[in-house]
Protein chains: 2
Amino acid sequence: MGWFLERIAVYEFTDQQNSLLRIGPPGPNILLTMSDRRTQILDAAATLISERGFTSTSVDDVIKGAKLSGKSHFYHYFKSKEELGYEVLNRQFERFAERGLAILREPMIDPLERLNLFIDAVVALQSESGGRRGSPFGNLAAELADAHEGFRVRIEAVFERWASQIRSLLWEARPQLHDDVDAVRLSRFIIAALEGAVLMTRVKRDLSVLEGIAADLKRFIAMHVRDGAAMQHNRAVE
Amino acid sequence: MGWFLERIAVYEFTDQQNSLLRIGPPGPNILLTMSDRRTQILDAAATLISERGFTSTSVDDVIKGAKLSGKSHFYHYFKSKEELGYEVLNRQFERFAERGLAILREPMIDPLERLNLFIDAVVALQSESGGRRGSPFGNLAAELADAHEGFRVRIEAVFERWASQIRSLLWEARPQLHDDVDAVRLSRFIIAALEGAVLMTRVKRDLSVLEGIAADLKRFIAMHVRDGAAMQHNRAVE
DNA sequence: ACAAATTAGGACCGAGTGGTCCTAGTCACC
DNA sequence: GGTGACTAGGACCACTCGGTCCTAATTTGT
């Protein structure tokens with residue numbers, strides 16, 4: 001264990017920017033396992049892809065971003081650019097799932113309240129990038145849905161998992177909802193409205209667009225709530 | 001005039017596919033004016049761009065699609081690929097404006113009814129391509145909003161003209177609407193929902209997604225209608 | 001001490017990119 | 001009949017793309 005710490009110290013002094021990364025001539029890789037490197041590449045790629053799109057992000061850009069030594073170094077970890085894209089998509093979904101979808105599952109909060117919190121979370125997520133990045137899934141969808149079947153299928157799966165999470169929440173909340181609420185349709189509507197809102201926000205470079213649509217979306221959901229049921233977000237949101 | 005017709009006959013026999021286009025060695029261009037050729041190129045480019053996106057559509061692809069003789073032939077009409085993209089965008093907007101936005105202006109129909117017809121028109125437009133193409137504006141927006149400021153600004157303008165058309169319709173319908181209806185917000189919501197719906201439809205390859213969202217959107221709009229006002233699309237849509 | 005694995009790094013490939021340049025044929029018009 | 005505008009067509013440019021290959025340095029396991 002002392003040995004481990006010593007290594008860390010050595011490398012921290014050697015390279016301050018990537019404190020746990022060796023630089024210079026080829027050498028050991030004690031602190032960075034295979035999966036760590038992959039993670040590092042995936043992170044760099046995710047940033048670039050969300051900024052420029054998949055097609056406009058070259059492998060060389062990713063190599064530069066992840067500070068790799070060269071092409072073959074990259075192709076040691078990923079067999080193709082395509083595979084990289086798939087994994088970025090997976091990773092981005094997991095990251096989103098952590099922060100967004102987890103809210104939908106939270107068992108201690110009223111389901112409809114959770115839905116509002118989820119919408120707030122989407123807004124908050126966009127606020128971080130100043131509404132400039134948009135949804136990674138929506139971007140890839142618009143770029144590759146027609147051109148690349150492999151991506152299309154994977155993005156469809158992402159939306160489906162997202163929708164199913166909302167559906168089960170809606171099912172949980174069914175005592176509070178009107179009898180004729182179609183959970184499939186409503187879940188799709190929520191996702192479409194959010195994706196569209198994020199896109200519009202990106203084009204307008206104005207976060208208030210997203211905020212307004214989010215508020216309207218909450219009102220639309222409230223429209224499905226039984227008159228007697230507890231749902232205080234009706235018009236008080238604004 | 002007889003001369004003109006004679007020319008037409010000659011060229012029709014010479015080239016049956018593009019009946020008004022000369023092929024073979026360089027020659028006259030009586031029937032195809034400058035703007036005709038540009039139109040021809042723009043049409044080919046519009047198709048390609050809506051299928052593959054702007055970045056993935058090469059100038060050579062456009063040349064092939066428009067059956068031009070070579071690069072310099074293309075660059076005789078457009079000074080760059082960028083300029084081509086801008087004009088495609090304009091043209092696509094005009095085409096959309098013809099079919100979609102014209103409905104919003106129709107003075108003989110009740111404004112709210114027009115709004116429903118407009119939504120129907122968007123659905124119909126998507127049905128033509130089997131929901132495969134998506135919105136040309138939305139696609140370009142997702143692809144280029146971050147990467148290319150010139151496109152971003154132009155797409156923003158398209159959405160703005162679209163939104164303002166809806167806003168003025170909403171203003172026209174204000175006697176039928178609740179007093180607290182925010183026309184700016186509602187118009188944005190409608191556009192965002194439609195854009196999102198078209199995107200989802202493209203990913204799922206299922207037109208019923210768009211149809212469902214369109215129906216929900218109509219219900220959302222109906223929510224803003226005064227209780228007494230004429231608006232029979234409340235729940236009867238399904 | 002030695003072999004296997006891992007990492008690094010660069011040269012290289014064929015195909016395509018947007019774009020320029022040059023030549024030449026054909027037209028309307030003077 | 002000559003001239004300038006328009007059209008055609010190909011050669012060519014520097015650059016980038018995704019991807020392969022080969023060599024060498026270094027560490028780990030034995």
Side-chain angles (χ1 to χ4, degrees), chain A residues 3-4 7 10-11 14-15 18 20-38 40-41 45 48-49 52-86 147-148 150, chain B residues 3-4 6-7 10-11 14-15 18 20-38 40-41 45 48-49 52-64 66-86 147-148 150:
Chain A
W3 169 85
F4 187 69
R7 286 289 190 173
V10 168
Y11 287 101
T14 308
D15 174 15
N18 305 332
L20 297 183
L21 263 184
R22 179 173 43 75
I23 53 165
N29 194 17
I30 301 162
L31 304 174
L32 268 194
T33 68
M34 173 86 167
S35 65
D36 284 333
R37 263 280 154 63
R38 283 177 71 93
Q40 183 193 13
I41 297 174
L48 290 167
I49 290 174
R52 324 178 185 179
F54 180 74
T55 318
S56 300
T57 299
S58 71
V59 176
D60 284 326
D61 291 335
V62 175
I63 288 168
K64 238 173 267 171
K67 293 177 182 173
L68 298 181
S69 63
K71 277 260 178 70
S72 57
H73 196 186
F74 170 85
Y75 281 99
H76 179 70
Y77 294 98
F78 298 91
K79 69 181 248 277
S80 68
K81 190 194 175 189
E82 197 182 17
E83 196 202 76
L84 171 74
Y86 291 161
H148 200 298
Chain B
W3 172 84
F4 189 68
E6 183 192 341
R7 287 289 188 172
V10 168
Y11 285 93
T14 309
D15 176 13
N18 304 333
L20 297 182
L21 261 185
R22 179 172 43 75
I23 53 165
N29 195 16
I30 301 161
L31 304 174
L32 265 194
T33 69
M34 174 86 166
S35 66
D36 284 333
R37 262 283 153 62
R38 284 176 71 93
Q40 183 193 14
I41 298 175
L48 289 168
I49 290 174
R52 324 180 185 180
F54 180 74
T55 318
S56 300
T57 298
S58 72
V59 176
D60 284 327
D61 291 335
V62 175
I63 289 167
K64 237 173 268 172
K67 293 177 182 173
L68 298 181
S69 64
K71 277 258 178 74
S72 57
H73 197 186
F74 170 86
Y75 281 98
H76 179 69
Y77 294 99
F78 298 91
K79 68 180 249 278
S80 68
K81 189 194 175 189
E82 196 182 17
E83 197 202 76
L84 172 73
Y86 291 161
H148 200 298

Integer-rounded Å distance: [N] [atom2] and [X] [atom1]:
| X | N | atom1 | atom2 | answer |
| --- | --- | --- | --- | --- |
| B:Arg38 | D:dC6 | CZ | C1' | 15 Å |
| A:His76 | C:dG10 | NE2 | P | 18 Å |
| A:Glu83 | D:dG18 | CD | C1' | 14 Å |
| B:Lys81 | C:dT20 | NZ | C1' | 17 Å |
| A:Glu82 | D:dG19 | CD | C1' | 13 Å |
| B:Asp60 | C:dT20 | CG | P | 14 Å |
| A:Lys64 | C:dG9 | NZ | C1' | 15 Å |
| B:Ile49 | C:dG18 | CD1 | C1' | 14 Å |

Reckon [X] has a side-chain N or O less than 4.0 Å from the OP1 or OP2 of [N]?
| X | N | answer |
| --- | --- | --- |
| B:Tyr77 | D:dC6 | no |
| B:His73 | D:dA8 | yes |
| A:Ser58 | D:dC17 | yes |

Establish, for the pair B:Lys81 and B:Phe54, whether the NZ or CZ atom is under 6.0 angstrom from the six-membered ring centre and no further than 45 degrees off its axis.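 Verdict for B:Phe54: a cation-pi partner in B:Lys81.
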Calculate, to the nearest 0.5 Å, the distance between atoms [atom1] and [atom2] belonging to [X] and [Y] respectively.
| X | Y | atom1 | atom2 | result |
| --- | --- | --- | --- | --- |
| A:Ile63 | A:Tyr75 | CD1 | OH | 7.5 Å |
| B:Leu68 | B:Ile41 | CG | CD1 | 4.5 Å |
| A:His76 | A:Ser69 | NE2 | OG | 10.5 Å |

Main-chain N/O of A:Tyr77 paired with A:Arg38 side-chain donor or acceptor, under 3.5 Å: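 Such a contact is found between A:Arg38 side chain and A:Tyr77 backbone.
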Listed pairs, N/O of protein and of nucleotides 20-22 of chain D, under 3.5 Å:
none

Among D:dC6, D:dC17, C:dG9, which nucleotide has an atom closest to any side-chain atom of A:Ser69?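 Selected nucleotide (nearest to the side chain): C:dG9.
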How is B:Thr57 classified with respect to the nucleic acid when contacts are heavy atoms under 4.0 Å: base, sugar-phosphate, or nothing?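 Result for B:Thr57 = sugar-phosphate.
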